[in-house]
Amino acid sequence: MTLPVHAGLDAIAADPGGAVIGLDYDGTLSPIVPDPAAARVHPGVPRVLAALAPLVRAVVIVTGRPPRTALALGEVPGGPSLADVPGLVILGHYGLERWEDGRLTAPPPPPGLDLVRARLPGLAAGLDGAWVEDKGRAVAVHTRRCADPAGALEALRGPVEALAAEAGLAVEPGRMVLELRPAGMDKGKALSAFLAERDARSVMFVGDDLGDLAAFDAVESAGIPGVRVCSGSTEVTALAERADVVVDGPDGVVAFLGDLVATLGKPSASGRA
């Protein structure tokens, strides 16, 4: 595959040292699987990110997962891991937690999570196959294992929203999942703050799910050249409709990033057609 012609990509190629590359984790760097605990990073990701990171201003993963979980799932047997990517920053829990240079910083978890932990399993118990994942600073209910995953998700939506309101939390919908998490932060706000911090001159964000729409908004409103890339799937189409570039899942993301590395590694990247 070769990089498509796009003004944002041209800006990154002309000035890679000013570019921030933002990436979602699940569905983007790792394939979607029935059990999120088994969502290992695509084996090609650590190597391509390790090649990309020295060429750009920063590589940042913006995810709903805790950073340490993303790191644990980012290990590749016999090869580099996400932790080996030079200068990598992970903004976890939609930006509430930050991992950088081996250090984790985070605020205290909100008290409303205790109420959710007590009641959400009861809501999930009414649907065969639904199950609860405790992420530490967020709690999610998954329906991918249900006989009718979409129908089960819709049945849970009202009760979950009511529980979130009582607990003072926000509901983040995703691919066969509803996540209850602290309000006031999303991937767009996290990405915007990071772009300002790094004084970025261009930005690319790659995502696959509804939570990544806020990051797409941040790319559009950043006031610098930007590229929105969708890791395409049949489950979520809203991102593809907003994207500048659509690739075929994590395999396509790895190929796309590999082409970006090849382009930026040329003696004169700014001269591409």
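- Relative ring orientation between F216 and F205 is described as perpendicular, the plane-to-plane angle rising above 60° on a 0-90° scale split at 30° and 60°.
- Judged by distance alone, with hydrogens and angles left aside, the side-chain atoms of D15 form no donor-acceptor pair with the main-chain N or O of I12 at under 3.5 Å.
- Residue D212 holds its CG atom at 8.5 Å from SG of C230, rounded to the nearest 0.5 Å.
- Classification of E75 and R40 as a salt-bridged pair fails, no side-chain N sitting under 4.0 Å from a carboxylate O.
- If you run side-chain contact (heavy atoms from CB on, under 4.5 Å) between L82 and each of L71, V59, L73, only L71 comes through.
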Open item on the list: Evaluate V60 against L23 for side chain to side chain contact (heavy atoms under 4.5 Å, CB included), listing each step before the verdict.
Closed with: CA-CA 6 Å; V60 58; L23 305 143; over 6 Å; no
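- A salt bridge is absent between R57 and E197: the closest approach of a Lys/Arg side-chain nitrogen to an acidic carboxylate oxygen does not fall below 4.0 angstrom.
- Shortest non-hydrogen contact noted between A218 and G188 is CB-O, 3.5 Å.
- R145 and D128 are not joined by a salt bridge, as no carboxylate oxygen comes within less than 4.0 angstrom of a charged side-chain nitrogen.
- Grouping the Ile, Leu, Val, Met, Phe, Trp and Tyr side chains by contacts below 4.5 angstrom, directly or via other members, places W131 apart from V141.
- Using a 4.5 Å heavy-atom cutoff, the side chains of E133 and H142 are in contact.
- Rounded to the nearest 0.5 Å, atoms CG (L91) and NZ (K187) are 10.5 Å apart.
- Under the 3.5 Å distance criterion, the side-chain polar atoms of D209 are left unmatched by any main-chain donor or acceptor of G211.
- Annotation: cation-pi pair R181/Y94 present, NZ/CZ under 6.0 Å from the ring centroid and within 45° of its normal.
- Cluster membership check: L257 does not share its hydrophobic cluster with V20, using side-chain heavy-atom separations under 4.5 Å among Ile, Leu, Val, Met, Phe, Trp and Tyr.
- Between the D101 side chain and the R103 main chain, no donor and acceptor come within less than 3.5 Å of each other.
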- Task: Apply side chain to side chain contact (heavy atoms under 4.5 Å, CB included) to L191 and V219, showing your working.
- Result: CA-CA 8 Å; L191 181 61; V219 171; 4.1 Å; yes
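- In this structure, L156 CG and C146 SG are separated by 7.5 Å, a value rounded to the nearest 0.5 Å.
- Both L49 and L3 are members of a single hydrophobic cluster when ILVMFWY side chains are connected at heavy-atom separations under 4.5 Å.
- Using a distance-only test at 3.5 Å, with no hydrogens or angles considered, a donor-acceptor pair links the side chain of H6 to the main chain of G8.
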Intermediate values then yes/no, side chain to side chain contact (heavy atoms under 4.5 Å, CB included), H42 and V76 = CA-CA 8 Å; H42 185 292; V76 175; over 6 Å; no
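- Of the candidates V48, D24, V41, V41 is the only one forming a side-chain contact (heavy atoms from CB on, under 4.5 Å) with L29.
- Across every non-hydrogen atom of I61 and Y25, the tightest pair is CG2-CB, 4.3 Å.
- For the pair R175 and G27, the tightest heavy-atom approach, listed with the atom from each and the gap, is NH1-CA, 4.1 Å.
- Under the 4.5 Å side-chain criterion, counting only non-hydrogen atoms from C-beta, V89 is in contact with R98.
- Under the 4.5 Å side-chain criterion, counting only non-hydrogen atoms from C-beta, V229 is in contact with M204.
- Hydrophobic cluster membership is shared by V247 and L260, with clusters built from Ile, Leu, Val, Met, Phe, Trp and Tyr side chains linked at under 4.5 angstrom.
- Inter-residue side-chain proximity for L55 and V261 is flagged as met; some heavy-atom pair is nearer than 4.5 Å.
- Hydrophobic clustering, with ILVMFWY side chains joined whenever heavy atoms are under 4.5 angstrom apart, keeps V116 apart from L96.
- For the atom pair CG (D248) and OG (S231), the distance works out to 8.0 Å, reported to the nearest 0.5 Å.
- Between the side chain of T69 and the backbone N or O of R65 there is no donor-acceptor pair closer than 3.5 Å.
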Applying salt bridge (Lys or Arg N to Asp or Glu O under 4.0 Å) to R242 and D217, what does each step give before you reach the verdict? CA-CA 9 Å; R242 292 273 306 280; D217 290 340; 2.6 Å; yes
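- Residue K135 comes nearest to A140 through the heavy atom pair CE-CB, 4.5 Å, listed as atom of the first residue, atom of the second, then distance.
- Taking CZ of R144 as the reference point, atom CG of D35 lies at 11.5 Å (rounded to 0.5 Å).
- Electrostatic pairing of R68 and E97 does not count as a salt bridge here, judged by no charged N lying under 4.0 Å from a carboxylate O.
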Practice problem: Go through V206 and V227 one step at a time and tell me if the side chain to side chain contact (heavy atoms under 4.5 Å, CB included) criterion holds. | Solution: CA-CA 9 Å; V206 190; V227 189; over 6 Å; no
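- When every heavy atom of P149 is checked against every heavy atom of T143, the shortest pair comes out as O-OG1, 3.0 Å.
- Residues P121 and R117 approach most closely at CD-O, 3.2 Å, considering heavy atoms.
- Between P86 and P54, some side-chain heavy-atom pair lies under the 4.5 Å cut-off.
- In this structure, CG in L169 is found 8.5 Å from CG in L115, a value given to the nearest 0.5 Å.
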